[in-house]
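For clarity, every value in this text was computed on a predicted model and none was experimentally measured. Just so we're on the same page: letters track the sequence lines, and every chain starts at 1.
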Number of protein chains: 2
Amino acid sequence: MQTIERKVRSREQTRSGIISTAKAIASQEGWQAVSIRKIADAIDYSAPVVYEYFDSKDVLLDEIRNEGFRYLYKEYDRILKLYRDPEKRLYEISLIQWDFARQQPEIYQVMYNLDGAYCTMPVYQSEAMQAVSRIVEEIIFSFIPKAKESIKRLYFQWWSASHGMIMLSMLLKDEQPLDQSEQIYRETMRRFVRDLR
Amino acid sequence: MQTIERKVRSREQTRSGIISTAKAIASQEGWQAVSIRKIADAIDYSAPVVYEYFDSKDVLLDEIRNEGFRYLYKEYDRILKLYRDPEKRLYEISLIQWDFARQQPEIYQVMYNLDGAYCTMPVYQSEAMQAVSRIVEEIIFSFIPKAKESIKRLYFQWWSASHGMIMLSMLLKDEQPLDQSEQIYRETMRRFVRDLR
DNA sequence: TCAGATGAGTTAACACCGTTAACCACCGAC
DNA sequence: GTCGGTGGTTAACGGTGTTAACTCATCTGA
């Protein structure tokens with residue numbers, strides 16, 4: 001008789017298999033092409049087993065989205081340990097945001113409901129997203145200790161600047177090479193951080 | 001026998017009927033809920049007649065998107081006639097962008113493939129979008145006459161700043177009131193325009 | 001006036017989608 | 001040896017975009 005751990009491990013394996021094939025399909029054919037049946041086929045199961053792991057397609061997408069935010073959190077945390085200067089920290093975090101969107105665009109898409117990816121759950125209610133927000137807000141605070149409202153405002157501006165340019169770069173990538181966009185992005189974020197002083 | 005004009009007019013009426021009910025459904029239930037059959041029902045036809053007017057759902061969405069860009073173009077043009085100062089012009093255009101996104105979010109969504117709206121045709125190939133780009137680039141040029149590359153770069157930065165903040169404001173509208181976001185938006189765009197000097 | 005063409009609109013179908021109910025076969029326990 | 005649960009299946013429901021085939025009225029030309 002297989003131990004209970006063994007069963008749990010196997011469950012977690014197929015669960016992460018569902019997630020990673022969903023991401024794989026999205027990466028190759030776009031989120032619009034991701035369907036429960038296609039995922040099930042890819043992992044050699046019938047469609048209903050997917051529902052043993054995720055109540056709906058929506059919560060599957062939500063899980064992938066949260067995975068994305070958790071990944072970002074981890075990376076931001078790494079930067080926190082790597083540098084002490086708040087200016088440097090915020091700039092490096094901006095770069096991570098760029099690299100993430102560039103290397104895993106599907107995840108970035110589902111995080112912001114971009115390009116056919118559509119997840120009903122509101123982003124701002126995601127615990128993982130709030131953790132990410134908190135970490136950046138803390139950096140900004142250590143930078144210029146102001147009232148909470150001001151910090152929120154500055155974070156909103158930083159987020160907008162970063163996300164806006166990333167989104168537009170992806171949108172125009174066939175017109176304006178990504179390397180060029182990256183250069184402008186770096187300069188813009190550097191300027192933003194500098195002007196914070 | 002009804003004249004040929006009469007027939008053409010009727011055709012154009014049902015055509016614009018299709019477009020406006022698509023927008024109406026999107027406005028009330030989101031783009032995800034927009035289906036050919038639902039549109040057909042609303043205009044008291046069967047589904048296939050929609051295909052007499054639009055080859056596919058995709059080109060219907062593309063038409064709505066282009067309508068959006070044409071509207072923006074018209075508004076920008078109005079500003080051009082209203083003010084002569086390039087600084088004022090660019091700032092006013094930024095405000096139009098905001099009002100447009102706020103008053104007709106469905107259109108804004110389909111223009112940028114946001115929130116479940118998904119149109120395959122690439123935006124940057126839209127003639128209407130390019131006209132909008134040109135008009136803003138010309139304003140920036142009259143501002144600071146530089147090489148074409150620099151203008152494109154500045155336009156990209158302006159567009160990013162505006163679009164990024166608009167998108168995030170919509171995303172966070174239940175957390176951060178839109179009026180507050182608008183205030184920050186105005187200040188940010190004002191600063192952008194000022195720093196251009 | 002009557003046959004034929006035209007064209008607007010329909011129904012029915014195909015293949016897919018998310019989701020759920022019903023079922024089946026196996027495997028450990030008593 | 002029979003029972004219950006567990007992991008998996010098939011089949012179905014209502015919906016999607018899209019197309020082929022059909023109907024039927026109206027207009028055209030002889």
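- Rounded to an integer number of Å, the gap from B/I18 CD1 to D/dG17 P is 13 Å.
- Spacing between atom OH of B/Y45 and atom P of C/dT11 amounts to 14 Å, rounded to whole angstrom units.
- Less than 4.0 Å separates DNA chain C from at least one heavy atom of each of the following residues of residues 19-43 of chain A: A/V34, A/S35, A/I36, A/R37, A/K38.
- In this model, a donor atom of one side chain and an acceptor atom of the other lie less than 3.5 Å apart for A/W158 and A/S94.
- When the nucleotides C/dG18, D/dT18, C/dG9 are ranked by their closest atom to the side chain of B/A47, D/dT18 comes out on top.
- Of all nucleotides listed (C/dT19, D/dG17, C/dG9), D/dG17 comes nearest to the side chain of B/Y51.
- Rounded to whole Å, atom C1' of C/dG7 lies 9 Å from atom CD of B/E52.
- The minimum heavy-atom distance between B/E106 and B/S27, with the atom names listed, is CG-CA, 3.3 Å.
- Computed from coordinates, the B/L60 CG to D/dT16 P distance equals 15 Å when rounded to whole Å.
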Yes or no on side chain to side chain contact (heavy atoms under 4.5 Å, CB included) for B/I166 and B/Q97, after CA distance, side-chain angles and deciding distance?
-> CA-CA 9 Å; B/I166 288 174; B/Q97 190 104 332; 3.5 Å; yes
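- In the set D/dA20, C/dG18, D/dT9, the nucleotide with an atom closest to the side chain of A/S46 is D/dT9.
- A donor-acceptor pair under 3.5 Å is absent between the side-chain atoms of A/S126 and the main chain of A/P122, judged by distance alone.
- Here D/dG17 presents its P atom at 12 Å from CG of B/D58, a figure rounded to the nearest Å.
- With distances taken from any side-chain atom of B/P48 to the nucleotides D/dT19, C/dG9, D/dA11, the minimum falls on D/dT19.
- Between A/R11 atom CZ and D/dG7 atom P there is a gap of 8 Å when expressed in whole angstrom units.
- Rounding to whole angstrom units, CZ of residue B/F54 and C1' of D/dT19 are separated by 19 Å.
- Side-chain atoms of A/D77 never come within 3.5 Å of backbone atoms of A/Y73 as a donor-acceptor pair (strictly under, hydrogens ignored).
- Spacing between atom NZ of A/K57 and atom C1' of D/dT16 amounts to 12 Å, rounded to whole angstrom units.
- A donor-acceptor contact under 3.5 angstrom links the side chains of B/D174 and A/Y124, judged on distance only.
- B/Y185 and B/V193 fall within the same hydrophobic cluster, where Ile, Leu, Val, Met, Phe, Trp and Tyr residues are linked whenever their side-chain heavy atoms come under 4.5 Å apart, directly or through other members.
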